[in-house]
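Everything numeric in this text was worked out from a predicted model, so none of it was measured.
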Amino acid sequence: RTYQWHANRAYRLRVEPSPDTAGAWRGSITDLATGTETVVRDLLVGAERLSAPMVWSEVFADCSDPSVVVRWSDFAAHTEGGQIQPLTVRLSYQSFDDGGCTNTNTAVDAPGSFTQTTNSVRQNRTGTRLTSSSS
């Protein structure tokens with residue numbers, strides 16, 4: 001929450017085995033405009049691999065606040081067989097009872113790209129699978 005984000009700037013979020021702590025996974029953010037990488041933290045989980053990875057937006061806004069758009073793109077995963085680029089996502093929104101907004105929508109934005117938009121009409125519901133072409 002204290003990372004200095006800049007509007008309209010691309011970042012890379014990376015999760016990988018920690019080079020410093022056995023059994024830990026490292027989360028880092030790279031500012032693609034400056035090339036500066038910031039390690040968020042190492043999380044000790046004792047697992048050798050990840051399954052069912054997910055991304056989400058922590059906007060910390062009221063449901064009626066001005067609309068904010070977060071773009072997720074260029075997903076990549078490294079497997080034993082090499083790198084893959086998932087093009088399909090399954091949507092899941094935080095429930096209203098747990099503080100979520102009913103007016104957030106996720107959609108295909110461009111090839112390999114998805115957007116999550118707050119304070120907008122929800123067109124794609126929880127459980128929807130969205131597929132984006134790679135080009």
Notebook entry, point to check: What is the distance from atom CG of L50 to atom OG1 of T79, rounded to the nearest 0.5 Å?
Noted result: 12.5 Å
Next item on the list: Measure the CD-OG1 distance between Q4 and T38 for me, rounded to the nearest 0.5 Å.
Entry: 11.0 Å
Treating [X] as the side-chain partner and [Y] as the backbone partner, does any N or O pair qualify as donor plus acceptor under 3.5 Å?
{"X": "R122", "Y": "T106", "result": "no"}
{"X": "S57", "Y": "V59", "result": "no"}
{"X": "S18", "Y": "D20", "result": "yes"}
{"X": "S120", "Y": "T117", "result": "yes"}

Next item on the list: Apply the test side-chain contact (heavy atoms from CB on, under 4.5 Å) to residues T30 and T36: give CA-CA distance (whole Å), side-chain angles for both, the deciding distance (0.1 Å), then the verdict.
Entry: CA-CA 6 Å; T30 301; T36 303; over 6 Å; no
Hey, any chance [X] and [Y] share a hydrophobic cluster, counting ILVMFWY side chains that come within less than 4.5 Å of each other, even indirectly?
{"X": "M54", "Y": "F75", "answer": "no"}
{"X": "V69", "Y": "W5", "answer": "no"}
{"X": "V70", "Y": "V40", "answer": "yes"}
{"X": "W56", "Y": "I29", "answer": "no"}

Checklist line | Test side-chain contact (heavy atoms from CB on, under 4.5 Å) applied to E80 - qualifying residues, sequence neighbours left out | finding: R49
Closest approach of [X] and [Y], non-hydrogen atoms and distance?
{"X": "D42", "Y": "A24", "answer": "CB-CB, 4.3 Å"}
{"X": "Y11", "Y": "D31", "answer": "CD2-CA, 3.7 Å"}
{"X": "S132", "Y": "A110", "answer": "OG-O, 3.0 Å"}
{"X": "W72", "Y": "L13", "answer": "CZ3-CD2, 4.2 Å"}
{"X": "S28", "Y": "V39", "answer": "CB-CA, 4.1 Å"}
{"X": "P86", "Y": "I84", "answer": "CD-O, 3.6 Å"}

Next item on the list: Please report the C-alpha distance between L91 and T126 in whole Å, then the side-chain angles of each, then the deciding distance to 0.1 Å, and finally whether the side-chain contact (heavy atoms from CB on, under 4.5 Å) criterion is met.
Entry: CA-CA 5 Å; L91 307 185; T126 292; 5.8 Å; no
Margin query: Less than 6.0 angstrom from the centroid, inside 45 degrees of the normal: does R71 satisfy that with respect to the ring of F114?
Written below: no
Next item on the list: Ignoring hydrogens and angles, state whether a donor on the side chain of S113 or S73 is under 3.5 Å from an acceptor on the partner side chain.
Entry: no
Notebook entry, point to check: Any side-chain donor-acceptor pair under 3.5 Å between D109 and T115?
Noted result: no
Next item on the list: Find out whether P17 and R26 are in side-chain contact, i.e. whether some heavy atom of one side chain is under 4.5 Å from a heavy atom of the other.
Entry: no
Notebook entry, point to check: How about N8 and H6: do any of their side-chain heavy atoms sit closer than 4.5 Å?
Noted result: no
Next item on the list: Using a strict cut-off of less than 4.0 Å between a Lys/Arg side-chain nitrogen and an Asp/Glu carboxylate oxygen, indicate whether R12 and D74 qualify as a salt bridge.
Entry: no
Item checked: Candidate list N105, T104, N103, test side-chain hydrogen bond (donor to acceptor under 3.5 Å, both in side chains), partner N119, passing option -> N103
Check: Yes or no on side-chain contact (heavy atoms from CB on, under 4.5 Å) for T102 and Y93, after CA distance, side-chain angles and deciding distance?
Finding: CA-CA 8 Å; T102 59; Y93 300 101; over 6 Å; no
Hey, can you pull the donor-acceptor pairs under 3.5 Å for the side chains in residues 61-68, sequence neighbours left out?
| from | atom 1 | to | atom 2 | distance (Å) |
| --- | --- | --- | --- | --- |
| D65 | OD2 | D62 | N | 3.0 |
| S67 | OG | T118 | O | 2.7 |

Checklist line | CD (Q83) with more than 12 external heavy atoms under 6.0 Å | finding: yes
